[in-house]
Amino acid sequence: QKKAKGATSFGGFSLPEGGAFYGDVARQSRKIHFVGDSDTAGWCADGSSSTGDSATKYQNSYETWAAQLSRALDAEMSATAISGIGVLSWPIQQYLDYTLTFDTDGEK
């Protein structure tokens with residue numbers, strides 16, 4: 001998309017010299033996947049573009065209804081969400097085959 005901005009990025013992990021990662025983290029037995037638009041992505045959860053906030057400030061997926069519901073249900077959450085497209089006006093369904101979040105055996 002022309003002039004698209006991504007508010008989420010992952011730069012990797014770093015540890016201080018001599019540091020170590022903990023062992024495996026126990027995963028929740030419940031898993032839930034949400035498909036949605038800006039409200040699922042967390043658009044304007046912490047601020048607003050109309051007040052001059054940067055996109056990294058006002059997009060917060062941790063504060064979405066989907067994340068809150070997942071925590072309340074003690075479920076591992078994943079989301080396929082694109083801000084600004086709408087679920088029906090520019091169908092997100094066309095991306096679902098590429099989002100097998102909980103697929104563990106490589107099969108659909």
Can you name the closest pair of heavy atoms from Ser61 and Ala67 and give their distance? O-CB, 3.4 Å
Distance (rounded to the nearest 0.5 Å) between Lys31 NZ and Ser78 OG: 10.0 Å
His33 NE2 to Thr80 OG1 distance, which is reported to the nearest 0.5 Å: 3.0 Å
Between Thr64 and Ala41, which heavy-atom pair has the shortest distance, and what is it? CG2-C, 3.8 Å
To the nearest 0.5 Å, atom CD of Gln68 lies from atom CE of Met77 at 10.5 Å
Are Trp65 and Tyr62 linked, directly or through intermediate hydrophobic residues, by side-chain heavy-atom contacts shorter than 4.5 Å (ILVMFWY only)? no
Side chains of Phe34 and Leu69 in contact at under 4.5 Å (non-hydrogen atoms): yes
Looking at every heavy atom in both Arg30 and Leu73, which two are closest together, and how far apart are they? NH1-O, 2.7 Å
